[in-house]
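A quick write-up on the structure given underneath.
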Amino acid sequence: MNTPSNPNLEGWSASYQPLLGEILPTFLPAQRWFAGKGAPIEKVEFEQYVSWPEHSEWLLARIGVWFTGRSEAQHYALPLALAWPEDGEEKWRSLRRSALTKVQIQARTGWLYDAFAEERFCQLLVKLMAQNAQIPLGAGWLRFSATPAFAGCPSAISEALPVKQLAADSSNTSIAIGDRLLMKAYRRLQSGMSPELEMGRFLTEAGFRNIAPLAGALEYEDGNGERTALVLLHGFVANQGDAWRYTQDYLKRFLDNCLQQPEMVRKADEIHGLYRIFATTLGRRTGELHRTLAQISGDPAFNPEPITAADLTRWLNRIRDEAIATFERLAQQRESLPESAWPRVDRLLAARGALLASLKQTATLNPGTVKIRYHGDYHLGQVLVAKEDVIIIDLEGEPSRTLEERRDKQSPLRDVVGMVRSFNYAAHAALRPFTADRQALAPRLDDWERQTRAAFLNGYAEATRDNVGLGIDLAQANPLLQAFTLEKVCYELRYELDNRPDWVEIPLSGLCELLPLLDQPFPRINLLSSPSMESAMSILFEPVQFGELRLQNRVVLAPLTRCRADYQRVPNALMAAYYAQRAWMGLLITEATSVEPMGVGYPRTPGIWSEAQVAGWRKITDAVHERGGIIVLQLWHVGRLSDPLYLNGATPVGPSAIAPHELSIALLRPKKTYGVPHALTVPEIAQVVAAFRQGAQNAKRAGFDGVEIHGGNGYLLDQFLQSNANLRTDAYGGSPDNRARFPLEVVDAVVEVWGAGRVGYHLAPRCDFLGMGDANPLETFSYLVSALSQRHLAFIVARERAAPDSISPKLRPLFTGGFIANEGYTQQTAEQAIASGLADAVAFGMLSIPNPDLVEKFKTGITPNAPQPETFYNKHPYLFDLAEPMPAEGFYESDREGYLSFGPLKVSA
Ligand SMILES: Nc1ncnc2c1ncn2[C@@H]1O[C@H](COP(=O)(O)OP(=O)(O)O)[C@@H](O)[C@H]1O
Ligand SMILES: O=P(O)(O)O[C@H]1O[C@H](CO)[C@@H](O[C@H]2O[C@H](CO)[C@@H](O)[C@H](O)[C@H]2O)[C@H](O)[C@H]1O
């Protein structure tokens, strides 16, 4: 290490130790440009310095910073200068922000400060560039240079232009030299070709008009000829601020207006005209930037190249590694984040495996575009608004990456994704101050975001349409976009964890919005219809707690008989895929699952009495949990709704020996009516209760989050409850409390296993299912629901189409747990039901079958696919032919139809 030789600086050499030991370790982390925030500093050293010829009080220093537990140091440029009392009060005041410490030199007391705050120092740098000067430093040289663009600013050296440091909130230090030049001083030093210098030269030479022209540079060249950029000089662009500020100001005015003039709300589509013009221009200029960078110039560092399979694999591996590291950090820092962020953090951590797995599928897809040099850290803050146009600045790439990574050619879609994410950031940030009106304003910001995104993409498409390498239809879902979005949001999350922990909610919600996309044939994202903030604000998407179950949203999968298990009633991999696809729903209630062999009444419905069944279900619960979903098993006994065909020749059982009146056996052809059941004796009733208890225990071993007891739809518990099927005269028949005795015994047995907070109950108060009827439904169901409430069950599902004669509104106040409405609901009526207090959540049955992405469809406003009833219960010709051999996987290929495959999912703008 050099030692200072200049006599004027010798005096403060006494300050080195405190400077290195205390002052710099405190000063550095407070600087926005310091990249080592959060890591404990072990030591700081001067690595190189030179005092300036003719200016002995200026020192150009390179410092090294070492961190505890890390082998690699970071290097920074920190030119230093001294100020004395005789420099005057005004100068002292102006330097305050840049001061490091007071120094005592001989008899004088002065301040040591960052020399970029010194006007004459900056002016001298410009002058030396104009002279293409060279100054020896250590074994190398400081090399100053000017480009032809500098010639446009001759006055910059002939006049002593005023120097003004721009706001400190930046990765580097930017200094305006009059209104002619903009000097950007790099702080963190990385040796190698500077991407910003290289890009600036290329684009300036190519005559691209929407950047600030590169005018000059200062580089250090070491003894081996390796260069490090220290300062860049650009032409100054008169501007109205950067596009981030411009957008925030615009949105603040818009939101204020929305509150003051609510009638504007209705006209939201019409009112962003001017902003849309801006966004279109931004898109067009972005496209033109990429077009210029995609020109064949003869410079191998810039020539476009096709994207190869090896590129894709490399990129996706990097995205995966970064995502893993990001999730790791998220897990470590969870506790330090605001508590409101925890549910999202937990959901993401639970779903990380599925998110990462989705990348594998993307690897095989050829995007059909070229790879080129690109901006690399593209967001609204990187664009200056200049008159009616935009100027793109800061072409240095993501500061946290190595120079080589930043100079790598990539898909320009990365920039497109960067800007689209920035619109989302802008909407979230604009909403932050409006805490009291969030609910009302969020949909308005959604409108704005959607319109802005579409205008930007249209502008981009217009500028790149006829370019063979770039012209890609962004309205078409493109799986690479999802991978790049994942990459970008992970970057944002790391950035916010390091710099602005109170902003982490923005990338966290960005990541959560990617989760529902995993279920599509291969992960797809459509920039024109990606999930929005409005959705996040809809009441359907608010989390809710039912007992011990925490639902991420209020869209529940209704239990649906699908007849896809094997002939031994063992759940298979097909079923695992089906449930995993729907893991994004707030709660999955499985298809009805019989607790004992006497409780079955349909072909290929699953059971939960055998070990093979427990193992089959375990695969399903694992698949759902891997995606962060929660799933409860519906425990079932069909009672009299069966046939000896399913029961090894035995007679079905019921409360009384009466058949459902002339009712045909479901699915059986040729048609046949249900027979008269055997009336269960009291000891037999106890055996059925025991079978439910055992089923509940088995469900626990199969990894479920809870169970739902099937007490509706005309099955055994409902047969006991309703007066037209129960003619008993013992303790299980007669009054409502007697008829409810057996269902409640089942409840108590199941609660013993699970605790009430994880048990739900299914009922059908309309009494019109499968031969049911009650003399006084309101009295009967009120009794049962009150009894369930006293037992503190987590939830009930009331299957009853909403109509003037519904009794659900009367039952709802009797139950203190979660009330889930069901049958025939649409998104709109579901929202109304929840908003009016009629329900806490809504279970969707038929709509969930052809729409595994129902939550996403609701969020994006895409019309759900229509149900196809002919495929509900499996159209396989051997449905009833138990002797027919089944493939080892436990399902036929044709079982997929209407179950896992629905053709391409509809995606519309
Ligand atoms: N050529 C220019 N003309 C005028 N102002 C500029 C110019 N370049 C940058 N700026 C201003 O300096 C700020 C920081 O520039 P930028 O290159 O983004 O620095 P950083 O790399 O530190 O983020 C910009 O937001 C803008 O206000
Ligand atoms: O300082 P840089 O311009 O190099 O960029 C860094 O800081 C940005 C924050 O200022 C950060 O951008 C993120 O926040 C923006 C809003 O403040 C938002 O518009 C961007 O979309 C979001 O990525 C950027 O990522 C970081 O590199």
Side-chain angles (χ1 to χ4, degrees), residues 31-35 37 116 149 152-153 164-188 194-197 199-200 203-204 209-216 229 231-248 251 282 375-386 390-401 406 414-430 432 449 452-453 485 487-500 502-507 510:
Q31 307 308 307
R32 162 69 198 271
W33 42 260
F34 183 64
K37 290 193 196 71
F116 282 120
C153 301
K164 183 167 171 258
Q165 212 176 102
L166 301 184
D169 190 24
S170 199
S171 304
N172 303 293
T173 298
S174 293
I175 300 146
I177 316 279
D179 57 0
R180 315 280 161 78
L181 293 165
L182 195 286
M183 189 159 85
K184 173 163 169 175
Y186 287 125
R187 298 309 198 138
R188 180 157 183 210
S194 147
E196 189 166 21
L197 179 55
M199 292 273 282
L203 291 166
T204 306
R209 291 151 55 111
N210 291 84
I211 57 154
L214 180 77
V231 178
L232 296 191
L233 197 63
H234 290 103
F236 187 90
V237 179
N239 63 78
Q240 294 124 262
D242 66 45
W244 173 260
R245 201 57 272 146
Y246 172 81
T247 305
Q248 288 302 301
L251 289 177
L282 179 59
H375 186 287
D377 187 20
Y378 205 40
H379 58 84
L380 285 164
Q382 310 287 42
V383 172
L384 299 180
V385 181
V390 299
I391 300 290
I392 298 167
I393 57 168
D394 202 6
L395 295 144
E396 63 171 322
E398 268 174 26
S400 64
R401 299 203 184 274
R406 299 193 225 163
R414 276 204 159 93
D415 283 346
V416 174
V417 163
M419 192 53 79
V420 166
R421 285 286 314 140
S422 199
F423 299 144
N424 182 259
Y425 250 82
H428 278 278
R432 283 161 71 89
E449 192 185 336
T452 301
R453 197 166 45 206
T485 306
E487 176 185 45
K488 186 76 195 171
V489 189
C490 284
Y491 171 80
E492 291 164 3
L493 186 53
R494 294 193 301 275
Y495 180 85
E496 304 304 359
L497 286 170
D498 283 338
N499 295 286
R500 305 182 290 199
D502 56 332
W503 285 55
V504 294
E505 290 275 10
I506 304 179

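Atoms within a ligand are numbered from 1 in the order they appear, just like the ligands themselves.
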Query raised in the report: Should R421 and T485 be marked as a side-chain hydrogen bond (donor to acceptor under 3.5 Å, both in side chains) after you check the CA-CA gap, both sets of side-chain angles, and the distance that decides it?
Result: CA-CA 8 Å; R421 285 286 314 140; T485 306; over 6 Å; no
Query raised in the report: Which atoms of ligand 1 have any heavy atom of Q382 under 4.0 Å away?
Result: 18 (O)
Can you check which of [options] brings a heavy atom nearest to [atom]?
atom: atom 16 (P) of ligand 1; options: K184, E396, R32; value: K184
atom: atom 15 (O) of ligand 1; options: A238, G235, S174, A185; value: S174
atom: atom 25 (O) of ligand 2; options: W33, F423, Y491; value: Y491
atom: atom 26 (C) of ligand 1; options: L232, L384, I211, I392; value: L384
atom: atom 20 (C) of ligand 2; options: Q248, H379, E496; value: H379

Requested in this report: Please say whether S171 places an N or O atom under 3.5 Å from an N or O atom belonging to ligand 1.
Outcome: yes
Report task. Decide whether an N or O pair under 3.5 Å exists between A212 and ligand 1. Result -> no
Report summary line: Taken to the nearest 0.5 Å, the spacing of L182 CG from N239 CG works out to 9.0 Å
Determine, for [X] against [Y], whether the closest basic-nitrogen to carboxylate-oxygen distance falls under 4.0 angstrom.
X: K488; Y: E492; result: no
X: D394; Y: K184; result: yes
X: R432; Y: D502; result: yes

May I ask you to identify, for [X], whether its side chain, its backbone, both or neither come under 4.0 Å of ligand 2 on a heavy-atom basis?
X: N499; answer: neither
X: E398; answer: neither
X: R500; answer: side chain

Kindly confirm or rule out an N or O of [X] lying under 3.5 angstrom from an N or O of ligand 2.
X: K488; value: no
X: R421; value: no
X: S171; value: yes
X: Y495; value: yes
X: E396; value: no
X: S422; value: yes
X: R32; value: yes

What are the atoms of ligand 2, with element, lying closer than 4.0 Å to any heavy atom of [X]?
X: E492; answer: 23 (O)
X: D394; answer: 3 (O), 4 (O)
X: Q382; answer: 3 (O), 4 (O)

Could you check if a side-chain atom of [X] sits within less than 4.5 angstrom of a side-chain atom of [Y], using non-hydrogen atoms only?
X: V231; Y: M183; value: yes
X: I391; Y: V383; value: no
X: F116; Y: Q165; value: yes
X: W33; Y: P399; value: no
X: Y425; Y: L380; value: no
X: I393; Y: D242; value: no
X: K164; Y: I175; value: no

Query raised in the report: Does atom CZ of R209 have more than 12 heavy-atom neighbours from other groups under 6.0 Å away?
Result: no
Side chain, backbone, both or neither: [X] near ligand 1, heavy atoms under 4.0 Å:
X: N239; result: side chain
X: L166; result: side chain
X: L182; result: side chain
X: D394; result: both

Report summary line: When every non-hydrogen atom of I211 is compared with those of L203, the smallest separation belongs to CD1-CB, 3.5 Å
Query raised in the report: Do the side-chain N and O atoms of Y186 and E396 include a donor-acceptor pair separated by under 3.5 angstrom?
Result: no
